[in-house]
2 protein chains.
Amino acid sequence: MSQRQVDAERKPASGSGRPGKNGDGAERHEAIHRSISDAIIEHRLKPGARLREDALSEVFGISRTGIRKILQRLALEQLVTLTPRRGASVTRPTAEEAKDVFDARQMVECGLMPEVARRITAADLERLRDMERRERQALKAGEQSSAIKLSAAFHGELARLSGNDTLAAFVEQLCSRSSLILAVYGNAGHLGCESHDHDGLLRHLEGGDGERARAFMSRHLKAIEASLSIHEPEDESPDLYEIFSG
Amino acid sequence: MSQRQVDAERKPASGSGRPGKNGDGAERHEAIHRSISDAIIEHRLKPGARLREDALSEVFGISRTGIRKILQRLALEQLVTLTPRRGASVTRPTAEEAKDVFDARQMVECGLMPEVARRITAADLERLRDMERRERQALKAGEQSSAIKLSAAFHGELARLSGNDTLAAFVEQLCSRSSLILAVYGNAGHLGCESHDHDGLLRHLEGGDGERARAFMSRHLKAIEASLSIHEPEDESPDLYEIFSG
DNA sequence: ATGACGAACATTGTATACGCTTTTTCCCCA
DNA sequence: TGGGGAAAAAGCGTATACAATGTTCGTCAT
């Protein structure tokens with residue numbers, strides 16, 4: 001009765017190409033997905049937080065069926081972990097996963113830079129500079145949540161410019177996971193992406209120098225990774241079988 | 001009553017580490033997923049084929065709920081396409097998607113080769129040679145279905161050896177999609193992967209020469225892509241809005 | 001004969017209900 | 001007072017039922 005509902009960012013009515021009849025209530029699911037996803041990326045839901053189906057279904061005003069569907073998609077994207085009879089929780093990346101994610105970003109994002117430098121247009125540069133500006137403002141205003149999300153969006157948008165949707169989607173997924181990694185292994189205080197880094201990257205791209213951009217991106221990612229303190233926290237569930245019966 | 005069910009490859013009972021109690025009936029879902037996935041990869045379900053929920057739920061003996069879950073996962077993996085009120089069908093990749101997939105494979109699989117060459121062990125080589133042998137046998141026996149699946153498994157296994165699970169999972173997904181692409185754009189007669197190619201690749205890896213292996217893989221993938229006849233079939237659903245109101 | 005309208009059918013979308021597993025709480029006993 | 005066990009509660013897994021929508025086939029009018 002009195003539970004407050006959330007409206008998950010109302011979208012501009014019809015997003016599809018067709019003008020007249022708008023199809024579906026499935027856009028609702030999309031909105032809820034983004035809503036939860038954003039909350040995780042912005043660290044408003046911290047790693048380890050439990051996501052009970054009942055609670056979510058009440059909050060968003062749909063039944064558990066729809067929530068389960070969204071939760072499963074988030075699990076496929078590695079943002080939440082689904083433990084068999086225990087339900088969903090925000091993923092707590094291991095040190096190994098963190099290394100894998102940054103290695104993958106190193107390979108893909110750097111590899112994409114030459115093609116991006118070749119295809120980038122003035123309008124693209126304008127949009128990216130705007131994003132970079134907003135990111136810097138958020139950082140200066142102390143809004144870490146926004147800054148993290150904007151940084152991930154920046155890297156994602158950059159990857160989109162390559163024209164390869166498959167790789168771009170992969171990069172976006174890696175960026176989301178990176179945000180989780182920052183939440184676990186990042187030192188509070190200085191965020192991963194220093195904004196002047198993004199600015200420098202844009203200058204290389206503007207000059208059309210793909211190789212320089214690639215090298216810059218490589219240093220950028222290495223710097224982020226180096227700023228983490230990746231030490232496996234004391235093992236919360238030690239494998240007693242291995243310890244004693246081994 | 002009289003519908004034949006399928007048992008989707010019974011697994012060896014308890015896969016988990018713990019000896020006694022086995023967890024879940026969720027392994028059933030995994031098995032069904034693999035069953036459908038294999039059917040698509042082996043071209044026993046051709047692109048465009050419709051996958052009705054009722055039919056699948058009868059065949060596998062579970063309710064539509066479980067089938068929907070599996071279908072959605074397959075959609076995330078790009079093996080099936082979910083059209084809003086029309087249901088699921090095997091994805092028919094576009095020419096652009098095909099290009100994206102092969103570009104992605106070029107970047108990731110080639111990039112992985114040096115690390116694989118560094119880490120590969122004698123036991124790994126043994127296993128891969130065995131896979132290559134079986135693939136060649138299947139090809140000789142004219143069993144295209146098996147050959148395609150074995151080829152994809154070979155590339156996936158290779159990626160696993162890099163130790164990076166994230167990238168390995170991505171490669172496996174790309175290989176599955178490649179199988180779909182072969183189904184649409186491949187010329188009947190000669191399959192993509194000539195088996196001697198895989199043999200040569202293994203020789204380079206055995207020698208520990210990562211750079212040679214990378215170059216070989218690059219040529220290998222280019223050869224597969226070149227063997228395709230990528231011509232967009234006559235547009236089945238032209239965008240009338242763009243044509244007329246444009 | 002052909003095309004359009006309408007009704008019956010087929011198929012997906014969503015919610016709710018029930019059963020089972022896990023967890024928690026409370027009481028009793030040592 | 002602390003620990004163990006049983007009962008209750010909470011939460012997830014699955015199935016089924018109902019509603020909405022798309023499709024197909026038949027009929028009627030031109």
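Lettering follows sequence order; numbering is per chain, from 1.
Picking from D/dT16, C/dT14, D/dG11 the nucleotide with the shortest atom distance to the side chain of A/Arg52 gives D/dG11. The side chain of B/Glu53 has C/dT12 as its nearest neighbour among C/dT12, D/dT14, D/dG11. Comparing D/dA15, C/dT12, C/dA15 against the side chain of A/Ser63 picks out C/dA15 as the nearest.
Considering only residues two or more places apart in sequence or on other chains, A/Gln78 meets the side-chain hydrogen bond (donor to acceptor under 3.5 Å, both in side chains) condition with none of them. Listed by chain and number, the residues in a side-chain hydrogen bond (donor to acceptor under 3.5 Å, both in side chains) with B/Ser179 are B/His43 (sequence neighbours excluded).
Looking at heavy atoms from C-beta onward, B/Glu115 lies out of side-chain contact with B/Asn164 at the 4.5 angstrom threshold. B/Pro93 places none of its side-chain heavy atoms less than 4.5 Å from the side chain of B/Val101.
Rounding to whole angstrom units, CD of residue B/Glu58 and P of C/dT12 are separated by 12 Å. As a whole-Å value, the separation of A/Asp54 CG from C/dA15 P is 14 Å. Put simply, CG on B/Leu71 is 15 Å from P on C/dT14, counting in whole angstrom units. Whole-Å rounding puts the A/Lys69 NZ to D/dG13 P distance at 17 Å. Note: CG (A/Leu51) to P (D/dC12) measures 10 Å, nearest angstrom. Summarising the geometry, the separation between CZ on A/Phe60 and P on C/dA15 is reported as 14 Å, rounded to the nearest angstrom. Here D/dC12 presents its C1' atom at 10 Å from CZ of A/Arg50, a figure rounded to the nearest Å. Between the P atom of D/dG13 and the NE2 atom of B/His29 lies a distance of 10 Å, rounded to the nearest Å.
For the side chain to side chain contact (heavy atoms under 4.5 Å, CB included) criterion with A/Glu172, the lone passing option out of A/His155, A/Arg160, A/Arg177 is A/Arg160.
Within the 4.0 Å cut-off from OP1 or OP2 of D/dT23, not a single side-chain nitrogen or oxygen of B/Arg85 is found. Within the 4.0 Å cut-off from OP1 or OP2 of C/dT21, not a single side-chain nitrogen or oxygen of A/Arg86 is found.
Note on A/Arg64: a base of the nucleic acid sits closer than 4.0 angstrom, heavy atoms only. Counting any heavy atom pair closer than 4.0 Å across all strands shown, A/Arg68 reaches a base atom.
The residue among A/Thr65 and A/Ala88 whose nearest nucleotide of DNA chain D lies closer to the 5′ end is A/Ala88.
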